[in-house]
J.: 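One structure coming up, written as structure tokens, with questions to follow.
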Amino acid sequence: MHLSDIKLDLKNSHTLQEIFVKFKTDGTFFEGKPFGTGHIHDTFLISTAESDLDDYIFQKFNVYVFKDIQKVQENISRVTEHLRKKIEKLPGSQPKRETLTVIPSKNNKLWHIDETGNVWRAFIYIPDHISYDIVDSADKAFEGGRIVGRFQAMLSDLDGPPLHETIPDFHNAAKRLETFYQKVSEDPADRMKIVKPECRFVDKRAESMKTIHNLGIEGKIPVRITHNDTKFNNILFDRYTGKGLCIIDLDTVMPGLVHYDFGDAIRTVANTGAEDEADLSKIEMDINLFKAYAEGYLSEIKNILNETEIEYLAFAPIVITFIQGVRFLTDYIDGDNYYKIQHEHHNLQRTRAQFKLVESMEKQYKEMRNIIRELVYQKGNC
Ligand code: ADP
Ligand code: GN1
Ligand code: MG
């Protein structure tokens, strides 16, 4: 460790201790460290000195991505309260591990703004968990699917007004493409000369990628409560039993189509490579992982879905992976303002990895459709 790293750690720790005492936390601050690999917030694990008390996750909230903290925190609070009530009734359940728990500030707010204007929020740390960036077994995929299906099913009877739209048009393919073409014409970072092949890839598919969104507008696919960021590492597993625990990162829980969640999960669970893999030969969609995830997911939700939803489930991973590539590419053309990056061309590398995955999915699309049909309509399971 360099001296400068130590100084940074001490400064972090000092700041974190000051923030820690602003919230209704139990226990004494022991230490705070950067945690996880999320692309959006600055996340810290704060451990308490007492071994029998909870540890905490503190996040410096990204106000560039989420313009309205109140909307985000109100949604999360409503959703987690609803889930907790249901989970508490299940025999042998562990509510503090099976859903996020929001910790309010001592002023009874769901967030805190420090003297420099940074916005902070806190959750109970879910202990003894593990999460995966890459999935290597059908059991994990099945469990992940079960957790997302259970999440959607449990929220299907949430009372009250609709949840806030925390990022408008988050999964609106038409809007994402519009923004992309806008940036293409502006070329703010002078990178258009580098991305010609990727732009041709987008042009070729743009129209068909709006299909699911359009079915939503026509009312053929219903709006439900969805998570909207079901990247596999947002699902936590029990470190010892391997059982799925819960899905975290609830900033984008809002009205949506189930396809967004199914597609985004498959984009990450069934990819044989990393989201940003530089060696494209390592990237394929693993059809067995697709099947296992779909099986877990449908075991919780298939009785709720209508025929059109089922019919388009297999197409969703192609759309979401394509749009994710478009989002990375848009950020690259824009000069990297949205996603955290580790090196200069990181967003382009991510784009190429996503587009390679799209091609692999396109080749296996028929098989994906057959699998969904078999899982839903097989004898005795209608
Ligand atoms: P981002 O939006 O930046 O991805 P997340 O809310 O997903 O932020 O948090 C980043 C990471 O921190 C997660 O991937 C997970 O590893 C960890 N994390 C977040 N909340 C908790 C929690 N309550 N308990 C345990 N780990 C958590
Ligand atoms: C971001 O927050 P995180 O890292 O789980 C992004 C998702 C993308 C994902 C790509 C609010 O997710 O939409 O799919 O990166 N979240 C937001 O890795 O934009
Ligand atoms: Mg995350």
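Hydrogens, waters and symmetry mates are skipped; everything else that's a heavy atom, side chains included, is used. For the single chain, residues carry numbers from 1 onward in sequence order. Each ligand, and each atom within it, is numbered from 1 in the order the structure gives.
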J.: Compute both the distance and the angle, then confirm whether Arg121 meets the cation-pi test with Phe61: under 6.0 Å from the six-membered ring centre, within 45 degrees of the axis.
T.: no

J.: Any Lys/Arg nitrogen of Lys96 or Asp54 sitting under 4.0 Å from an Asp/Glu carboxylate oxygen of the other?
T.: yes

J.: Does any part of the side chain of Arg78, heavy atoms only, come nearer than 4.5 Å to the side chain of Leu163, both counted from C-beta?
T.: yes

J.: With a cut-off of 4.0 Å, which atoms of ligand 1 are near a heavy atom of Ile124?
T.: 22 (C), 23 (N)

J.: Can you figure out which of Ile126, Asp133, Asp229 has its heavy atom closest to atom 24 (N) of ligand 1?
T.: Ile126

J.: For ligand 2, which atoms have a heavy atom of Tyr338 less than 4.0 angstrom away?
T.: 11 (C), 17 (C), 19 (O)

J.: I want to confirm something. Looking only at heavy atoms, which of Asn62, Ile323, Asp229 is nearest to atom 7 (C) of ligand 2?
T.: Asp229

J.: Just checking, Arg191 and Tyr332: is the charged tip under 6.0 Å from the six-membered ring centre and within 45° of the axis?
T.: yes

J.: Among protein heavy atoms, which sits nearest to atom 11 (C) of ligand 2, and what does the distance come to when rounded to 0.1 Å?
T.: Phe66 CZ, 3.5 Å

J.: Which atoms from ligand 2 have a heavy atom of Arg267 less than 4.0 Å away?
T.: 10 (C), 14 (O)

J.: Does the N or O separation between Gln324 and ligand 2 drop below 3.5 Å for any pair?
T.: yes

J.: Provide the number and element of each atom of ligand 1 under 4.0 Å from a heavy atom of His129.
T.: 25 (C), 26 (N)

J.: Is Asp229 close enough to the Mg ion (ligand 3) that one of its N, O or S atoms comes in under 2.8 Å?
T.: no

